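As structure tokens, the structure follows; a few thoughts come after it.
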Amino acid sequence: MTPTVKTAPQIAQGAVALVKKKFGFQLNYDPPSLIVIDLLADKIKETGATEHQASGLLLGLGCYVGEVFVRHARASWRATAEMGMTRTCAYPIILALTGAVGCDAIGIVFRRFAEGPAWSAAALYESSVLRREPKPQA
């Protein structure tokens, strides 16, 4: 399935079902589950699979990451071209965060797979969302 603004939630849902079936873990669309996504990308890499072989699952995990942002950080899926990010993003969809900031949820999973722990979906959420939220006044 090609990732589009409309299909991203369905792709994520497919990944949730596959992770449950293959790994016995239920992804709940919450920010702490992003640590599991990082570990799953590492585990897939350890199998010796190439990026091409793993691309379907990696795409699904990336859409899952995006759906966590949609549900918990008021993000929305947008066409990469609409966000003016076609030069920096290899995927046709990207997240728009508050303040018209683009966030590459799919790309972070592929980078984790290709380059290792320097790339993290959990850290992306923390740096993109948690650090940007206003602090309560004491």
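All figures in this text were calculated on a predicted structure; none of them were measured in a lab.
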- Message: If you define the side chain from C-beta out and look only at heavy atoms, does anything of Thr4 sit under 4.5 Å from Pro92?
- Response: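 Side-chain contact under 4.5 Å: no.
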- Query: Just wondering, do Thr98 and Val129 contact through their side chains at under 4.5 Å, heavy atoms?
  - Reply: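 Result no, sub-4.5 Å side-chain heavy-atom pair not found.
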In one Ile/Leu/Val/Met/Phe/Trp/Tyr side-chain cluster, 4.5 Å: [X], [Y]:
X: Phe110; Y: Met83; result: no
X: Leu97; Y: Val68; result: yes
X: Val5; Y: Tyr29; result: yes
X: Ile37; Y: Ile44; result: yes

- For the residue pair Ile94 and Cys103, what are the closest heavy atoms and their distance?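 Closest approach of Ile94 to Cys103: CG1-O, 3.0 Å.
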- Least distance between heavy atoms, Gly102 atom then Met85 atom: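 The pair with the smallest heavy-atom distance is CA-SD, 3.7 Å.
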- Message: Going by side chain to side chain donor-acceptor pair (under 3.5 Å), name the pairs with one or both residues in residues 78-92, residues two or more places apart or in two chains.
- Response: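 Sorted pair list: Ser76-Arg78.
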- Task: Keeping to residues at least two apart or across chains, list the side chain to side chain donor-acceptor pair (under 3.5 Å) pairs with something in residues 56-71.
- Result: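 Applying side chain to side chain donor-acceptor pair (under 3.5 Å) to every pair that reaches into residues 56-71, excluding sequence neighbours, yields Ser33-Tyr64, Glu67-Trp77.
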- With rounding to the nearest 0.5 Å, note down the distance linking CG in Leu95 to OG in Ser128.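 With rounding to 0.5 Å, CG (Leu95) is 9.0 Å from OG (Ser128).
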- Query: CZ/Phe69 to CG/Leu124 distance, rounded to the nearest 0.5 angstrom?
  - Reply: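 If we round to the nearest 0.5 Å, Phe69:CZ and Leu124:CG are 4.0 Å apart.
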Contacts under 3.5 angstrom, residues 9-25 side chains, donor-acceptor by atom type, not counting sequence neighbours:
none

- Between Ile106 and Cys63, does a side chain to side chain contact (heavy atoms under 4.5 Å, CB included) hold up when you go through it step by step? CA-CA 6 Å; Ile106 296 170; Cys63 287; 4.1 Å; yes
- Query: Which salt bridge (charged side-chain N to carboxylate O under 4.0 Å, His left out) pairs, counting each pair once, include a residue from residues 96-119, with sequence neighbours left out?
  - Reply: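 Of all non-adjacent pairs touching residues 96-119, those that pass salt bridge (charged side-chain N to carboxylate O under 4.0 Å, His left out) are Asp38-Arg112, Asp42-Arg112, Asp104-Arg111.
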Review item, side-chain donor-acceptor pairs of residues 52-62, under 3.5 Å, at least two apart:
residue, atom, partner, partner atom, Å
Gln53, OE1, Thr50, N, 2.8
Gln53, OE1, Thr50, OG1, 3.3
Ser55, OG, His52, O, 3.0

- Item | Phe113: ring-ring contact (aromatic ring centres under 6.0 Å, His included) partners, not counting sequence neighbours |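 Counting only residues at least two positions away or on another chain, Phe113 forms no ring-ring contact (aromatic ring centres under 6.0 Å, His included).
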- Message: Checking Leu34 against Val65 for the side chain to side chain contact (heavy atoms under 4.5 Å, CB included) test, could you report, in this order, the C-alpha distance in whole Å, the side-chain angles of both residues, the deciding distance, and whether it holds?
- Response: CA-CA 7 Å; Leu34 298 177; Val65 170; 3.8 Å; yes
